[in-house]
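Let me begin by presenting the structure, written as structure tokens, before commenting on it.
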Amino acid sequence: MDSLFSFPSRATSPAPGPDGSGLDAALSALRTVFGYAAFRGQQADIIDHVVRGGDALVLMPTGGGKSLCYQIPALVRDGVTVVVSPLIALMRDQVTALRELGVRAAFLNSSLGAAEAREVERDMVRGDLDLVYIAPERLVTPRFLDLLDRTKLALFALDEAHCVSQWGHDFRPEYLQLSILHERHPDVPRIALTATADVQTRNEIKEKLGLTEARVFLSSFDRPNITYRVVPKKSERQQMLAFLNENHGEDAGIVYCLSRNKVEETAAWLNAQGREALPYHAGLPAEVREANQDRFIKGEGLVMVATVAFGMGIDKPNVRFVCHLDLPKSLEAYYQETGRAGRDGLPANAWMAYGMADVVMLRQMLEQSEAGDSHRRVERGKLEAMLGYCESSGCRRQVLLNYFNETLAKPCGNCDTCLEPVATWDGTIAAQKALSAVYRTGQRYGAGHLIDVLLGNPTEKVVQQAHDALKTYGVGKELAKAEWQSVYRQLVANGFLTVDLEGYGGFRLTDAGVAVIKGQRTVRLRKDPVQERRRNVHDALRRQSGRGGSSFSTGGGSSGGGRATLSAADDALWHALRDCRTELAKEQGVPPYVIFHDSTLLEMVHQRPLTPDAFARLPGVGSRKLDRYAAAFLDVIHEHG
Ligand code: ADP
Ligand code: ZN
């Protein structure tokens with residue numbers, strides 16, 4: 001492995017001064033090293049602030065471009081930048097990508113042998129590195145703190161800063177000790193970064209990391225390139241496979257399931273259908289998990305079927321879809337999981353199948369949990385918000401952002417309800433029938449039996465319980481079974497019914513439900529879309545690249561016409577470029593996206609550069625990648641001329 005690269009523009013870039021030359025140096029690093037033309041969003045402000053020695057707390061969604069916010073200051077400021085990162089895989093990927101760009105970066109964690117670690121430490125103290133990634137538990141050891149005392153430090157970057165939150169899923173106790181850095185090195189600026197959207201975590205980070213004085217840079221948490229879709233469950237696997245075949249025949253993506261069993265079964269089923277899939281859950285041996293993760297990251301087109309154990313620290317930029325076969329238990333979880341799609345800014349899909357059984361199961365899990373009452377109330381509120389999202393007849397993105405205290409003035413135009421508006425109808429009478437069936441059968445049954453009663457199906461159970469003698473028997477023939485299922489789902493989602501805790505998840509009326517029966521309130525319901533219209537994401541990808549300018553200017557509103565399909569010639573070139581990338585990646589044992597992102601390949605298809613100069617102008621082509629890879633890719637382009 002080549003260990004130390006000299007950083008090309010470093011020698012020539014001026015030291016930052018109070019006159020703004022820091023930002024000039026930053027821009028030059030952005031262009032020559034990373035190959036990008038301009039900063040995005042708040043990057044310029046953040047980098048300027050940090051280069052000048054200010055502390056910063058950066059709250060930006062996944063894919064927002066957080067890494068550059070400390071990587072560029074690391075190149076511009078004198079000394080070594082120490083990056084605290086919680087996961088070995090994450091560190092390794094970042095360091096691989098940086099080295100690929102010619103940046104002097106290394107990591108220190110338990111995956112290194114003693115001799116290798118010593119070498120990295122020596123380089124650090126000598127100032128032969130620009131960035132050192134380190135695991136928090138190692139950072140706070142006396143030995144490393146002593147090394148830091150002997151190192152010229154440029155910056156401390158605290159990545160995944162939400163790990164300091166004791167209430168979050170990713171809590172890492174060692175993060176609580178990180179304030180020691182500031183105590184020992186008060187003059188070294190700090191930048192903490194996270195993609196966690198909620199306000200409590202934000203405050204906890206400030207307090208626990210001693211960043212109350214830091215400037216806060218808060219970005220919108222919208223992910224405009226993700227298309228959100230929720231479909232009513234019929235046969236979930238078939239529905240998903242159809243969606244994947246239609247939109248993501250060659251793409252990599254993640255399928256989330258609630259249980260380990262379901263993960264295994266779904267992965268096996270997908271393979272049997274000819275779609276290559278791997279399982280991932282906490283019950284698998286560590287070697288298997290690691291191997292599967294590695295294959296997912298390095299491969300193209302693999303489907304990872306996983307429980308929530310999979311995801312953190314996966315920064316594969318071209319995850320094109322995230323599917324949920326089970327309902328996540330909160331919108332926070334949903335946002336985080338779907339957020340793993342489309343980190344590269346190109347169009348991506350978040351697809352979820354949702355049905356009554358999900359609601360019943362989650363409610364039961366919740367009610368049976370050991371948690372105390374107040375905690376349960378919070379969890380129940382979260383579940384209700386999740387259900388509200390599923391049953392929304394308005395823009396899903398508005399519901400989602402609203403939950404994170406952000407407002408989106410107009411419907412997004414890039415979710416299913418925007419793309420294929422759902423009709424609503426006055427469901428008061430249907431709701432009264434559905435609720436009275438619940439009441440008259442003793443508030444003990446779930447949707448299946450109740451629907452038999454409404455439809456007048458003389459099943460064994462109906463007859464046995466003498467429910468064919470009830471007034472509600474057979475009064476619901478105007479709706480089909482699937483429509484009644486939708487009615488019940490919405491009655492639960494909207495709080496007219498609750499799910500019984502004991503036993504089999506029977507429904508009970510709430511006060512709101514009683515009010516409906518008494519004719520004191522009306523109910524509007526959404527009609528389930530009859531047919532899912534599908535959009536071809538490959539088309540979208542190509543349309544995107546055909547827009548000209550930056551391939552990252554992903555607007556939300558990609559609905560409607562103007563869909564240019566890629567010509568056969570473009571398609572052939574796209575595949576040839578991908579093969580070329582795969583080969584180079586294999587040779588070096590790195591993930592393909594470390595060579596070039598999809599967005600860069602798509603620009604190659606679009607612009608068809610024929611000279612190194614033209615190649616250098618592609619986004620994502622810095623000086624080092626130009627030297628190493630231009631020839632190989634130019635050959636491919638010439639062959640397809
Ligand atoms: P985050 O850490 O916030 O999830 P990353 O730092 O991984 O996001 O950046 C997401 C993607 O955006 C990466 O592919 C990165 O190369 C790209 N990117 C970041 N900043 C820019 C920029 N200024 N111009 C073009 N692409 C950028
Ligand atoms: Zn929308």
Side-chain angles (χ1 to χ4, degrees), residues 26-27 29-31 33-47 58-72 83 85 90 93-94 97-98 100-101 157 159-161 191 193-197 217 219 221-230 311-319 336 339-346 348 350 389 392-402 408-422 549-554 556-559 591 593-601 603 618-622 625:
L27 198 56
L30 178 74
R31 291 181 177 151
V33 180
F34 295 90
Y36 295 136
F39 287 116
R40 286 203 296 195
Q42 299 191 74
Q43 278 177 337
D45 289 344
I46 295 166
I47 289 167
V58 173
L59 306 150
M60 218 187 249
T62 303
K66 282 184 290 299
S67 331
L68 285 188
C69 296
Y70 60 83
Q71 289 170 347
I72 290 203
V83 186
S85 178
L90 206 73
D93 289 356
Q94 292 258 2
L98 283 168
E100 208 36 66
L101 294 165
D159 206 4
E160 311 288 351
I191 178 171
L193 312 101
T194 180
T196 300
F217 294 88
S219 306
F221 274 79
D222 188 16
R223 301 287 311 281
N225 59 314
I226 298 181
T227 308
Y228 297 99
R229 284 177 184 282
V230 181
M312 160 125 135
I314 302 300
D315 56 1
K316 185 177 172 73
N318 54 347
V319 173
Q336 194 177 41
R340 290 172 184 140
R343 201 181 256 266
D344 55 11
L346 294 170
Y389 172 83
S392 169
S393 51
C395 170
R396 299 220 194 261
R397 196 179 311 271
Q398 283 181 321
V399 176
L400 196 55
L401 289 177
N402 190 31
L408 187 68
K410 279 192 297 192
C412 74
N414 193 26
C415 69
D416 55 354
T417 49
C418 282
L419 293 167
E420 300 116 33
V422 289
S550 161
S551 53
F552 287 96
S553 56
T554 52
S558 43
S559 64
Y593 58 80
V594 164
I595 309 283
F596 284 127
H597 281 187
D598 285 358
S599 48
T600 302
L601 295 195
E603 284 296 327
L618 295 167
V621 180
K625 288 194 177 173

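We count ligands from 1, going down the list as the structure has it; atoms in each ligand are counted the same way. Since we're looking at a predicted model, the values are computed, not measured.
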Asp416: salt bridge (charged side-chain N to carboxylate O under 4.0 Å, His left out) partners, not counting sequence neighbours:
Arg396

Take every heavy atom of Gly620, measure it against each atom of ligand 1, and state whether any distance is under 4.0 Å.
no

Under 2.8 Å from the Zn ion (ligand 2), how many protein N/O/S atoms do you get? Just the number, please.
4

Pairing residues for Asp315 by the salt bridge (charged side-chain N to carboxylate O under 4.0 Å, His left out) criterion, not counting sequence neighbours
none

Could you tell me whether the side chain of Ser219 reaches within less than 4.5 Å of the side chain of Pro61, counting heavy atoms only?
yes

Looking at non-hydrogen atoms alone, which of Arg340, Glu160, Met60, Gln43 comes nearest to atom 20 (N) of ligand 1?
Gln43

So His597 and Tyr593, would you call those rings parallel, tilted or perpendicular, with 30° and 60° as cut-offs?
perpendicular

Thr62 heavy atom under 4.0 Å from ligand 1:
yes

Separation between CG of Leu30 and CD1 of Ile72, rounded to the nearest 0.5 Å:
4.5 Å

Under a heavy-atom criterion of less than 4.0 Å, does Pro619 contact ligand 1?
no

A student checking ligand 1 against Arg343 at a 4.0 Å heavy-atom cut-off should list atoms 1 (P), 2 (O), 4 (O), 7 (O), 10 (C), 11 (C)

Run the contact test for Cys69 against ligand 1 with a 4.0 Å cut-off on heavy atoms, strictly below, and give the result.
no

I need the minimum non-hydrogen distance between Gln94 and Ser67, along with the two atoms involved.
NE2-OG, 3.8 Å

Rounding to 0.5 Å, atoms OG1 (Thr62) and CZ (Phe221) come to a distance of 8.5 Å

Near Ser67 (heavy-atom distance under 4.0 Å), the atoms of ligand 1 are 2 (O), 5 (P), 6 (O), 7 (O)

Within reach of ligand 1, part of Pro61 (heavy-atom separation under 4.0 Å)
backbone

Which heavy atom in Gly342 sits nearest to a heavy atom in Asn225, and how many Å separate them?
O-ND2, 2.9 Å

Note, Cys69 side chain near Met60 side chain (heavy atom, < 4.5 Å)
yes

Using only atom types and a distance under 3.5 Å, with no angle test, would you say the side chain of Thr417 pairs donor to acceptor with the backbone of Gly394?
yes

For Cys415 and Thr227 the tightest heavy-atom approach is CA-CG2, 4.3 Å

Does Pro317 come within less than 4.0 angstrom of ligand 1, counting non-hydrogen atoms of the residue?
no

Search all heavy atoms of Ile226 against all heavy atoms of Gly339 and return the closest pair with its distance.
CD1-CA, 4.2 Å

Return the set of residues passing ring-ring contact (aromatic ring centres under 6.0 Å, His included) with Phe217 (not counting sequence neighbours), or none when no residue passes.
His49

At less than 4.0 angstrom from any non-hydrogen atom of Ala38, what atoms of ligand 1 do you find?
22 (C), 23 (N), 24 (N)

How does Phe39 reach ligand 1, if at all, at less than 4.0 Å between non-hydrogen atoms: by side chain, backbone, both, or neither?
backbone

Which of the atoms of ligand 1 are close to Leu68, meaning less than 4.0 Å from one of its heavy atoms?
19 (C), 20 (N), 21 (C)

Give the numbers and elements of all ligand 1 atoms closer than 4.0 Å to a heavy atom of His597.
13 (C), 14 (O), 16 (O)

Record the part of Ala195 in heavy-atom contact with ligand 1 below 4.0 Å; permitted values are side chain, backbone, both and neither.
neither

